[in-house]
Amino acid sequence: MINYYIDGVNDIHFQELLGYERINEEIEQVMRKFGYKPILTPNFEYYDMYSMDQSLSRDKMFKLVDRTGKVLVLRPDATIPICRMAANTFKDPNEILKFSYVTTIFREDNSKTNYKKDFIQGGVEYFGNNSPDCDAEIIAVAISMLLNLGMDKIHIDIGQVAFLEGLFHGLDLSSKEKERINELIENKNLGDLKLYLNKLQISSEVFETIIKIPMLFGSYQKVIPQAEKLCINDSMKKALSNIKEVYDILKLYGFEKYIYLDFGFTNQLNYYSGLIFKGYAEDCGDSILSGGRYDQLSSTFGVDRPAIGFGINISLLTEIISAEENSQDYFDALIKYDTSQAENALELAALLRDLDFSVDCINQRYTIDPESYRFIFEYAASGLYAMTKKDVFNISTEEAIDLLKGEPKQ
Amino acid sequence: MKNLNIALAKGRVASAAMKLLIDCGCEFPDYSKESRKLIFHDKNNNIKVTLVKSPDVPVYVEKGAADAGIVGKDILLEDKADVYELVNLNIGKCDMCIAGFADKKPDYSKKITVGTKYPHITREYFNKLGVLTEIIKLNGSVELAPIIGLSDIIVDIVESGKTLEENGLVVHEKMFPISARFIANKVSLKTKFEEIQWVIDSLSSLVERDE
């Protein structure tokens with residue numbers, strides 16, 4: 001027998017899917033409560049759109065060729081297409097647009113512990129507002145989602161891309177050198193960072209500032225005074241005051257206890273331009289959500305509008321909160337019938353379905369797993385019977401309906 | 001205080017790394033170099049050390065099964081892991097080298113055959129030079145490859161050069177230096193910061209003292 005199982009993809013079974021649905025519901029509820037309109041972009045986008053932006057590695061995308069020879073990709077990211085969609089449809093850059101989505105992201109995840117070809121992501125994107133209020137709202141939405149899912153040990157790390165870029169500003173560094181420094185900072189690789197900086201023509205002041213950035217993380221009270229000392233120009237000061245303002249607004253939400261800072265976050269997706277953040281919970285060894293401000297991305301689609309958003313990894317969430325739902329009582333009734341009673345049984349099933357009950361109706365000669373049904377009836381040649389764990393008793397169709405009505409679904 | 005799990009690479013690095021941790025103030029009553037045990041508890045600081053095969057260290061750490069780890073840079077370069085690489089410990093020092101017969105320098109203008117435990121590092125290095133290679137992945141005793149005619153040259157870590165010498169090979173080129181690194185899971189560094197911080201600080205000060 002040939003095994004047609006593809007590496008890196010999953011079948012989702014019934015109970016697991018119920019878990020997904022519950023998580024989706026909790027997440028969509030929060031999106032709605034904060035005023036985000038659900039939308040969906042196509043599964044396909046032009047490969048060119050992604051290669052122009054260079055924020056995603058090309059090897060990670062799934063490419064297809066359409067009939068005219070154009071190269072398409074399966075949606076490897078949600079933000080860029082939504083930004084494109086917003087620019088195509090809404091031309092006024094000052095209009096406030098708040099969108100939400102839950103969709104599959106097709107992207108090869110090469111990390112050795114978590115090899116995957118696709119995953120389900122939820123998220124929100126907020127266009128037309130570049131104020132700290134907007135930054136804070138996005139983070140509040142993220143925290144609310146985790147709280148709504150009943151998670152604890154929530155930890156949100158906030159960083160600012162503009163802080164490091166402000167530092168680079170005015171330095172005579174090639175983009176390759178900046179990229180290497182970013183990479184070393186991102187990995188908090190202090191040893192190699194020092195060695196690399198020693199080779200570059202930079203002042204000792206800049207050197208000392210850069211090597212402090214990887215370890216510039218922790219609680220707000222601890223990090224802010226340290227970061228203040230490192231500001232050597234106005235753009236760094238501006239980036240820092242943005243974080244302070246956002247933090248103050250998050251206090252109004254009562255969420256400051258979840259907030260930590262990390263100035264060592266660098267611009268991994270090229271489009272980020274300001275505040276960025278990641279969220280962790282429940283001792284999971286990976287970040288569950290991440291997002292940030294991308295004020296310049298939209299201008300590549302012809303409308304210059306600020307934006308911020310984040311995505312939450314729903315596939316990962318289902319792994320963390322062992323999301324297998326109890327599937328008992330998923331259906332209301334199972335009616336097994338003797339061939340001679342087929343007409344009566346089907347009639348009863350139709351009646352119950354009209355009353356919005358879920359009913360499975362099947363000839364008794366088949367075996368079926370009774371696990372997922374609230375009630376089991378048997379239409380034998382001698383009449384209708386209700387079967388409980390302890391008892392079998394003869395009932396009328398009216399009594400059967402009352403039985404279903406009497407015990408509402410929990 | 002939360003429990004801190006550290007994964008150590010068995011073999012070359014382990015004994016030096018254990019010594020570093022003991023110098024930091026850890027005490028492992030069960031530990032001795034000859035011991036076959038794989039898990040050691042430190043009685044002072046709530047640290048659990050697990051000995052695993054070196055390529056598994058980054059896997060344990062990335063997945064969060066261990067909060068931190070100590071492993072050679074060669075492993076980190078060969079199989080890239082999404083972890084923080086916090087401290088260069090300057091132990092387990094050696095060089096990644098190209099080696100072969102002294103009298104048979106390979107002709108880089110033609111396709112060469114390379115035997116190595118590090119196919120990824122090798123491919124990347126020769127690609128940069130624009131040299132065509134056929135890479136043969138081996139799991140040990142790489143020095144044998146040129147001797148039995150399996151490959152023209154080898155790429156391997158060289159500590160003293162003694163193994164090479166005894167097998168009649170010489171280093172053609174030192175590619176880059178290798179040393180052991182202290183790595184940490186990206187989330188653990190944040191959520192167990194206090195526990196990890198003193199290890200980082202103690203290790204860094206030990207390293208600086210030795211420099």
Side-chain angles (χ1 to χ4, degrees), chain A residues 57 59 109-115 151-159 183-196 198 211 214-219 222-223 258-266 268 277-290 313 316 319-320, chain B residues 2-5 7 55-69 73 75-91 93 120 176-197 200-201 203-205 207-208 211:
Chain A
S57 163
D59 334 337
D109 181 354
N110 292 328
S111 83
K112 20 180 189 306
T113 52
N114 195 26
Y115 178 63
M151 307 194 93
D152 59 0
K153 297 190 203 153
I154 296 171
H155 179 125
I156 304 284
D157 260 340
I158 300 182
E183 188 189 323
L184 292 167
I185 289 178
E186 185 72 39
N187 291 321
K188 304 204 188 292
N189 187 342
L190 276 178
D192 289 350
L193 180 62
K194 280 181 195 166
L195 289 178
Y196 186 74
N198 273 331
I211 61 162
M215 298 311 274
L216 197 57
F217 66 88
S219 71
K222 188 192 104 183
V223 174
Y258 305 118
I259 305 297
Y260 297 80
L261 303 181
D262 188 347
F263 283 91
F265 283 163
T266 59
Q268 279 190 312
F277 65 98
K278 286 182 188 172
Y280 319 101
E282 308 273 347
D283 294 331
C284 170
D286 210 341
S287 64
I288 296 167
L289 57 88
S290 68
N313 188 333
L316 185 61
E319 282 171 32
I320 304 167
Chain B
K2 293 176 200 160
N3 206 346
L4 189 69
N5 293 324
D56 292 343
V57 173
V59 179
Y60 274 59
V61 176
E62 183 181 302
K63 189 83 181 165
D67 301 304
K73 180 74 177 171
I75 304 294
L76 294 170
L77 283 171
E78 176 62 23
D79 206 356
K80 291 207 167 61
D82 192 18
V83 295
Y84 287 137
E85 201 179 310
L86 292 160
V87 190
N88 182 349
L89 297 172
N90 277 334
I91 56 170
K93 279 181 157 179
H120 182 83
F176 42 80
I178 299 287
S179 56
R181 308 298 170 108
F182 180 76
I183 60 174
N185 175 273
K186 288 195 164 180
V187 179
S188 295
L189 182 70
K190 308 293 174 57
T191 53
K192 294 190 176 175
F193 181 61
E194 281 167 34
E195 289 82 358
I196 295 186
Q197 187 186 29
I200 298 171
D201 290 348
L203 288 173
S204 313
S205 63
V207 172
E208 269 162 37
E211 261 169 8

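Chain A is the first sequence line, chain B the second, and so forth, proteins listed ahead of strands; every chain is numbered from 1.
Separation of atoms CG (A:Asp286) and CD (B:Glu62) is listed at 7.5 Å; rounding is to 0.5 Å. Atom-to-atom distance recorded for A:Lys222:NZ and B:Phe193:CZ is 4.0 Å, nearest 0.5 angstrom. The distance from the CG atom of B:Asn88 to the CG atom of A:Asn189 is 8.0 Å, given to the nearest 0.5 Å.
At a 4.5 Å heavy-atom cutoff, the contact between B:Ile200 and chain A is made by side-chain atoms alone. Heavy atoms of B:Val61 lying under 4.5 Å from chain A are absent altogether. Both the backbone and the side chain of B:Tyr84 come within contact range of chain A, with heavy atoms under 4.5 Å apart.
Within the 4.5 Å cutoff, no side-chain heavy atoms of B:Thr191 are placed close to those of A:Lys153. At least one side-chain heavy atom of A:Tyr280 sits under 4.5 Å from a side-chain heavy atom of B:Lys190. Side-chain contact between A:Met215 and B:Leu86: present, with at least one pair of heavy atoms (C-beta onward) separated by less than 4.5 Å.
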Go through the steps for B:Lys186 and A:Asn187 under the test side chain to side chain contact (heavy atoms under 4.5 Å, CB included), then give the verdict. CA-CA 9 Å; B:Lys186 288 195 164 180; A:Asn187 291 321; 3.9 Å; yes
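For chain A, the option among B:Arg181, B:Lys192, B:Lys73 with the highest count of heavy-atom pairs below 4.5 Å is B:Arg181.
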